[in-house]
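Okay, so here's the structure we're looking at.
No experiment lies behind these values; they were computed from the predicted model shown.
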Amino acid sequence: VIIGDYYLWEPAKNDEMRLEKTFLGKIHQQFENCQNQFLFNLNKLRKNYIWCHIYKYDLVQQVDFQLRARFEDIFFITELSLKCHSYVYLAEPFTNYRSRPNSSTTSKKCRSCLNDFLTAFIDRREKIQSINMPISKKAYMDYKLYNNYVSALKNIKNDKILKHDEKMELMKYIQANFQSSYEEIYH
């Protein structure tokens, strides 16, 4: 896998593009994916995007792509990381990405959006638990996964468009369907 950065353009905030890093590590050095260091590193910055990397065709053929799921990038990157043998970070932007304020990945205001988002990280945790990774790294991954859960809750709470009843309904849905899974991660 060749890892690149991207330019982010958020027209709703400003009309400038800014460089977004997707990886923390040495540049132009090939790494072996020992103990899934590839996913561990991507998880540090919470950059789960599939469109800012270059993949070998035969590697992509080994990964099942989640059809009809939002946040399919999270599922894809998790699965790909288990099959990837090596990677290199070039620290160069591969694409320009335009963010839309009400896209499904930025709003997360409906049950199905929240379901896909939170399920993707539960899936990631299940896969991480089955691989050879030091317990300290697994604990850090759990910390980052739990942060995604908390982030979803905060986004609902701080949303300026949702009515109070709508927020409460979404919170009840999360509590009923995800709270126990994420409490297990927390403890």
Side-chain angles (χ1 to χ4, degrees), residues 8 10 12-13 20 22 35-53 60 62-84 97-187:
L8 176 63
E10 296 175 293
K13 292 184 179 179
E20 289 284 314
T22 62
Q35 301 172 334
N36 210 334
Q37 191 65 29
F38 173 71
L39 183 61
F40 180 77
N41 198 305
L42 290 178
N43 211 45
K44 285 181 182 179
L45 294 175
R46 294 173 64 183
K47 305 290 185 178
N48 295 286
Y49 311 123
I50 61 176
W51 40 259
C52 55
H53 309 311
V60 172
Q62 298 174 42
V63 178
D64 289 329
F65 196 80
Q66 294 284 332
L67 297 176
R68 294 182 209 57
R70 294 173 193 91
F71 309 100
E72 64 276 0
D73 297 37
I74 301 166
F75 290 102
F76 182 86
I77 288 291
T78 302
E79 188 70 28
L80 181 116
S81 74
L82 300 172
K83 299 176 183 328
C84 167
Y97 181 78
R98 181 180 185 266
S99 176
R100 293 181 302 118
N102 293 321
S103 73
S104 63
T105 58
T106 56
S107 61
K108 299 183 205 88
K109 294 177 188 169
C110 65
R111 283 183 177 196
S112 63
C113 292
L114 286 165
N115 188 67
D116 291 347
F117 180 71
L118 296 172
T119 299
F121 289 112
I122 290 171
D123 175 73
R124 176 171 287 176
R125 181 167 198 256
E126 289 170 1
K127 290 186 170 132
I128 289 169
Q129 296 304 316
S130 68
I131 63 172
N132 179 24
M133 180 185 277
I135 194 154
S136 61
K137 287 189 176 182
K138 284 185 180 183
Y140 180 78
M141 295 288 278
D142 279 352
Y143 163 75
K144 295 299 273 189
L145 295 175
Y146 191 78
N147 277 347
N148 288 303
Y149 171 71
V150 171
S151 160
L153 296 174
K154 284 182 179 178
N155 287 343
I156 294 167
K157 179 186 173 213
N158 297 330
D159 190 279
K160 306 271 191 244
I161 298 171
L162 289 173
K163 296 175 185 162
H164 178 74
D165 292 348
E166 294 169 319
K167 290 180 183 184
M168 293 308 296
E169 188 223 326
L170 289 173
M171 293 294 206
K172 286 177 184 175
Y173 175 77
I174 291 172
Q175 183 178 15
N177 293 283
F178 295 101
Q179 185 172 346
S180 62
S181 295
Y182 280 93
E183 281 182 355
E184 182 183 315
I185 293 171
Y186 183 75
H187 298 292

Hey, could you give me each pair passing salt bridge (charged side-chain N to carboxylate O under 4.0 Å, His left out) that has a residue in residues 178-187? Not counting sequence neighbours.
R125-E184

For Q62, all residues meeting side chain to side chain donor-acceptor pair (under 3.5 Å), sequence neighbours excluded:
none

Those residues that, when tested against K167, pass side chain to side chain donor-acceptor pair (under 3.5 Å) (two or more places apart):
none

With sequence neighbours left out, which residue pairs that include part of residues 129-141 fulfil the side-chain hydrogen bond (donor to acceptor under 3.5 Å, both in side chains) condition?
Q37-K137

Ring pair (Phe, Tyr, Trp, His ring centres under 6.0 Å) filter on F65, not counting sequence neighbours, yields F76

Tell me every residue that passes side chain to side chain contact (heavy atoms under 4.5 Å, CB included) with M168, counting only those two or more places apart in sequence or in another chain.
H164

S181: partners by side chain to side chain donor-acceptor pair (under 3.5 Å), with sequence neighbours left out:
none

With F38, which residues qualify under ring pair (Phe, Tyr, Trp, His ring centres under 6.0 Å), at least two apart?
Y87

Identify, with sequence neighbours excluded, every residue that meets side chain to side chain donor-acceptor pair (under 3.5 Å) alongside N115.
Y173

Mind checking what makes side chain to side chain contact (heavy atoms under 4.5 Å, CB included) contact with K154, not counting sequence neighbours?
V150, N158

Aromatic ring centroids of Y146 and Y149 under 6.0 Å?
yes

Please check if the distance between the ring centroids of F117 and F121 is under 6.0 Å.
yes

The salt bridge (charged side-chain N to carboxylate O under 4.0 Å, His left out) partners of K127 (sequence neighbours excluded) come to E79, D123

Solution key, residues 45-52 side-chain donor-acceptor pairs under 3.5 Å, sequence neighbours excluded:
| residue | atom | partner | partner atom | Å |
| --- | --- | --- | --- | --- |
| R46 | NE | N148 | OD1 | 3.0 |
| R46 | NH2 | N148 | OD1 | 2.8 |
| K47 | NZ | Y6 | OH | 3.4 |
| K47 | NZ | E20 | OE1 | 2.8 |
| N48 | OD1 | R124 | NH1 | 2.9 |
| N48 | OD1 | R124 | NH2 | 2.7 |

Please round to the nearest 0.5 Å and tell me the distance separating atom CG of L170 and atom NZ of K157.
15.5 Å

